Each structure stands twice: as C-alpha cells, then as structure tokens.
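First the structure, in the form of structure tokens, and then the observations on it.
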2 protein chains.
Amino acid sequence: MTRRSPDARRRGPSMADVAREAGVSGQTVSRVANGKTNVDDATRERVLAAMRSVGYRPNSAARALRNGQFRSIGAIISALPTFGNSRTLSAVASAVAAEGLTIALMPVTQSTQSEVTGAFSWLSEQAVDGIIILIEQHQLDENEIELPKGLPVVVIGADARHEHPVVDTNQAEGAAFATNHLLDLGHRTVWHIAGPPLSYAAERRQRSWRATLERAGRETPPVLTGDWSANSGYCHGLRLAEDPSVTAVFAANDQMALGLMRALHEKGRTVPGDVSVVGFDDMEEAAHFWPPLTTVRQSFEAVGRNAVTALLAEIANNSQGTAVVEVPTELVVRSSTAAPAG
Amino acid sequence: MTRRSPDARRRGPSMADVAREAGVSGQTVSRVANGKTNVDDATRERVLAAMRSVGYRPNSAARALRNGQFRSIGAIISALPTFGNSRTLSAVASAVAAEGLTIALMPVTQSTQSEVTGAFSWLSEQAVDGIIILIEQHQLDENEIELPKGLPVVVIGADARHEHPVVDTNQAEGAAFATNHLLDLGHRTVWHIAGPPLSYAAERRQRSWRATLERAGRETPPVLTGDWSANSGYCHGLRLAEDPSVTAVFAANDQMALGLMRALHEKGRTVPGDVSVVGFDDMEEAAHFWPPLTTVRQSFEAVGRNAVTALLAEIANNSQGTAVVEVPTELVVRSSTAAPAG
DNA sequence: GAACTACGTGCGTCGTGAATG
DNA sequence: ACATTCACGACGCACGTAGTT
C-alpha cells in the first residue's frame, strides 16, 4: 500500500520529511544540516528535534552528487593482516577519520597482475576522491596501470619512479643501522635473511646491507631469501646454525628473526653468545622474544600520516604531486646482540 | 572561461558527454553501461569507444542516489592493528569484496563512551547499506547506542543480548580445551592470565576456565588480569615464576603467553619442564616462540565470513536477524606443555 | 537587515512509457 | 508486431533568486 516502486528500496526520510515534521521549509533544514549561521535558535532546535523524531540521516549519495566530492578516500591494500600493512592502515584510517572522511577498503587478495589491474579499475569507479596504494609488491610497474586521470594517488612503500607522491620508511637508513651495529660490536661480517624478491622494502634493505658491508670492506655472504614469515626465518636458521663462522645475522623483519632464533635454540646455539640477531620493524612482541630482540624501529604511524597529508594536499590543490617522503628509523638495542665470542 | 562554477570541483565526464560523443541518447549509454541486452551491437561498440575516448567512469554517487543502495558496508572497528581484529577485518574485507561491495572503515581510536557514540552517528550518516561492529569492549551496552532504524547491523565478538546477529569464536569451548589439556597432563590446577576486564572474549574465556576447573573439582587460583599485551603477560609472569607451586598457566592470548614465557626464562624456570603454558589465538608466530606454543586456534576467517553472510542476508531480506553464530576452535599442541615434573 | 518561505535548477543515473525504424 | 532508441522525470541535496514578515 505504502510502497511506491516495485523494488522496494530502503529509503530513509529526506529533508522534505523533516521539513514537514518541523513545519519549516526544506531550505531551513538544509541550513541546519550544514551548520549555517542564519537560522534562529528556536527554529534550529525544532528542526533538530524533527530530525531525531523522523530518524533523518543525510543522504550522502545526494550530497556527493551535488557537491562533486565523496569525502572518501580509497585504500588499495594487499595482505591486510600483515603486521606492517595493518599498522600503516590503522594510521591512515586515523588520519583520514580525523579529517571527517571515510576510507574505502579495496583488498587485493593475491599478486596476480590482472587482479591488481582489476582492482584499480574497480576502485576507480567507486566513490572516492583519491587513492592510497599500499601494495608492497612490484606489481605496480610491470603492467602500466592506468588510473583515471585526475584522481589523486599516493603510493606507500614503493618505488619513486611513479608519477605519484611516494611515502616510505627510510629502509636504507634502517638496514645500515642494523648492519653497522653488528659491525661495531666486532663481528667480521653480517649475514642477511632478506624479504621476498618482489618487495621493494626487502630489496632496499638488502641493498643497503650490502652497501654497508662493502663500505666497511667486509666480504658479503650470500643472501638468504625469505618471505617475511617466521617459518622462512626458521628454515634458513636451521642451516645457519650448522655454520660456526656465522656470528651475526640481520633479518629483514622481526618475524624472520624470531624463526631464526628458534632454529638457533633448537640447534643449541646461544643468542647472543654464539650468534647475534637483529630484526626490523620493532613489533610489540619483539621486546618479549627470547632473548628480547635488537631491532630497527620504523614508524608506521608516521608513514600513514604522511601519506594522508600528501593525498589531501593533492586533492585540495587538484594537482599531481611527485614528492617523496622518507620516514626515519631508529635502532632499538636489546639483548639479542653482543660482541662475538672469539 | 571553461569553468562553470566558482568552486571548480573535479567532475568527470558523464553519460551525457559519452552520448554526445557517440551520437546517441543518454539512455543508450546507460544501457550499455549496465550490460542490458536491447542494444544493437554496432551502437554498443560506438558507445564503448566513446566511453574510452572521453574517459568515462560511472558516477557511483548518482547511481547510489538513483538506486537507493550504496553497495557498501561499514565497519566500526577499534584497535585496528590488533592481531585478531586485523585478521577478522581481512576476512570481512575479502568476503565483502567478493560480493562486489566496498567496505568503509570507521576506526574508533579509544574506548571513550562519547567517542563510540559519536562514531555511530557519524558512520550512520555515511554511505553504507549495513554495518559490522568489531569492537571488543563492552562500550556497546553502557550507552544505549541508537543506530538508525532499518540499518542492518551485525556484531562480531560481543554479547548476544543485543538485538542484532552476533558472530563470535566459541570462546568457552577454546578455554575448556586449554584448561582440560593441562588438567589431562596431570597438573593439579591451572592458573589464568586473563584479558582486560571490559572484553567479552576475555570474560568468556575466564568464565569457561573457572567452570572447567570447578567441574573437575580443582581449586581455582586467583585470576591475573592482563590487557592482551605481551608486557602484561611478562609482568604477571615475573610473579608466577616465584611460586614453585605454579606448574600450568593458561594465558588468554598468545602475546601474553609470550611475555609469560619470557619472564619464566628470565627467572630460570623451564618451559614446559617447570611450567606448562597454553595460549589462545594461534598467531603465525606462535609456532616459533621458544618453546613453540601450545595454543587454541580460532578461525578469524570463519568469523569474518559468517558476519558478512549474516549482514548480507539482513540487507537482502530487509529484516532484523538475531541469530548467534559460534565458530568452533581447535587445540594445537606444541612444545610448551608437558606433564608436571613431580 | 535578519530570518525565513517559495520556487526553480542542476548534479548523473536509470526506469518508464512513448516513438522511431 | 518487433527491436531499437529517445525524451522525460525523479532520486535527495544545495544553492540561487525573489518575495514575505
């Protein structure tokens, strides 16, 4: 009886309903909703009451359509539950929410080229004013993604060769901190368990580790390639434990350091007595590993904040920035490193 | 010259532009965009070409306004980077994305009453067809949140006394698994490091732990209240390590178990020789703790999937469900538990 | 002039009904 | 009769102009 259209969509009360309830015009309701000044206090109260009583909530679709802005930014993100991504996303979300905007999530399940491309075109149809890309893999450049022109984009943790602003932790600095710390303790050289090949962060940490060793005139052991998981650190650790010449290892993240230390324990090698271990990230748990892990702290919060700031600036200026922001790191020395036994 | 309005909003090309370019009416463009059948192949091609040439992308705001649906669901989430939340959110996001919907994130930074209430009213104004609430604290019931009537809601991991569907891990089952496992190994009783007081999950695990001990006729040691952090587990662990009568501890999550084990190590008590430890969650790292942690695995993926399913059903039926889904757990036995030394 | 009302317009999309071939 | 296409209007909101108290 009361339904108007065959497909009964759930439509809430509109301004017109509020206006009728409050006995004012739609204009006045609009003014109240937008916090304009030229409304009598008594009238405003009546309108507010009417809003409450009819359960009015502004239709953001209509508002977006009218204003040409969605007040929403999209986040393309791979591996959501990953420690770093999750922390960064949290920072992004907070910063975005502080501005009164929404963040629309676009998860990319796997690293398939087509899927990422699809994600882009899909998200680009969505109601967003800009996009933050949080994908650590190289997928980006392989296939030249065509983002809708004019849609501001900021990339987190990728390469700077894109035509968009990039925000990232200063991976090189962090890896140098870690490597130098071990060298300074007197270790002849430092082994490295790297992250997966396609990761920018992994690549940079590895390059910096190598450069640091070369700068110090030390020989560089072969790189051990992991995949960020504790298990990959464990696997490499089992082999490193067999080699008594290994006295110092820099793992590209804390999880791999954890797995590494487990392997060393299992093989009866002590940390840091026989082998010193440094991680990267400084996840909360790192202080409670056994032994507490010396690691490089990176500020995911700063990365997220900076990305949002950059994106918002792009949106406001309607410009295409290309700035590169590098967030500094910090070495946190705990109990997993010491001078070599020799 | 070309600008029309003083505030030059970035507006993309519309159907009208495509129509002009292709020499057809807007309706035909709409038909093509929506994959309707009654369009001549030649015309369709011409329209598609025009779309490409002008860089058309559908305006989802207009679409939402027209259709009365946003094809987006909101997620109110506290403590985004928390291990469990992050995993659950990931599952939610995947399930939602699989349906071709967007998920709008609404982070709640802290547990302030007013803030949560504000978050609700804020999000309720957003462009969402339904809401998933992922807040572990009790804040929900204190202040009777008034969600806009008719907006479907599903609650994850809270109490069932709400008028919305609830999805949660079977906390009671998991805690019973953990406690019985230790009892079966021959321990007289089991100590418990609980989660924070306001957490439903913490409360349920604790209740089940207590009930299991009572059912077995064992005395229940005083509860040690933590806050999920490894550090809180460490602090309690330092004291537990002093008491030689403590031979078995069930920590309400893996992080606290980690901190506990660190404290035991520091105090020279062996795990599981002197003290057996069980955690909860089975985070990836747990297998690489030292020693590898016996723990209760919960399926965040299943929780997330179920929540989305329930919400989508509510949206489709335009109904208010109140179903309660409990996701089963699984005990994963590793090396941190053994029979008591005595 | 302050505080409003009344009315009209346009944002982009898409269902409806009518018109074309 | 039929397939294809077109013109019109409405979704809810935000503004502008003109008029009222």
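Chain letters run A, B, ... following the sequence lines, proteins first, then strands; residues in each count from 1. Only a predicted model underlies this, so the values are computations on that prediction, with no experimental measurement involved.
If you take CZ of Arg46(B) and P of dT4(D), they are 14 Å apart, rounded to a whole angstrom. Rounded to a whole Å, the CZ atom of Arg20(B) is 19 Å from the P atom of dT5(D). dG12(D) atom P lies 10 Å from atom CZ of Phe70(B), rounded to whole Å. With rounding to whole Å, Met15(B) atom CE is found 12 Å from dG15(C) atom C1'. One interatomic measurement links the two molecules: CZ of Arg63(B) to C1' of dT13(C), which rounds to 8 Å at whole-angstrom precision. Atom CE of Met51(B) and atom C1' of dG12(C) are 13 Å apart (whole Å). Rounded to whole angstrom, the span from the CG atom of Asn38(B) across to the C1' atom of dC2(D) amounts to 12 Å.
Where Leu65(A) and Thr43(B) meet DNA chain D, the nucleotide closest to each residue was compared, and Thr43(B) sits on the side nearer the 5' end.
Using a 4.0 Å cut-off, no side-chain N or O of Asn67(A) falls inside it from OP1 or OP2 of dC13(D).
Checking dA14(D), dG12(D), dT13(C) against every side-chain atom of Ser14(A), the shortest atom distance belongs to dG12(D). The side chain of Lys36(B) lies closest to dG15(C), out of dG15(C), dG12(D), dC14(C).
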Considering only nitrogen or oxygen atoms on both sides, find all protein atoms under 3.5 Å from nucleotides 19-21 of chain D and state each distance.
none

Below 3.5 Å between N/O atoms, which protein atoms pair up with nucleotides 6-10 of chain D? Just atom names and distances, please.
unit_1, atom_1, unit_2, atom_2, d
dC6(D), OP1, Ser25(B), N, 3.4
dC6(D), OP2, Ser25(B), N, 2.8
dC6(D), OP2, Ser25(B), OG, 2.9
dC6(D), OP2, Thr28(B), OG1, 2.6
dC6(D), N4, Arg31(B), NH2, 2.8
dC8(D), N4, Gln27(B), NE2, 2.9
dG9(D), N2, Arg66(B), NH1, 3.0

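Checking side-chain atoms of Thr82(B) against main-chain N and O of Gly84(B) turns up no donor-acceptor pair under 3.5 Å.
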Identify every side-chain donor-acceptor pair in residues 33-40 of chain B under 3.5 Å, counting partners at least two apart or on other chains, and give the distances.
unit_1, atom_1, unit_2, atom_2, d
Asp40(B), OD2, Ala42(B), N, 3.1

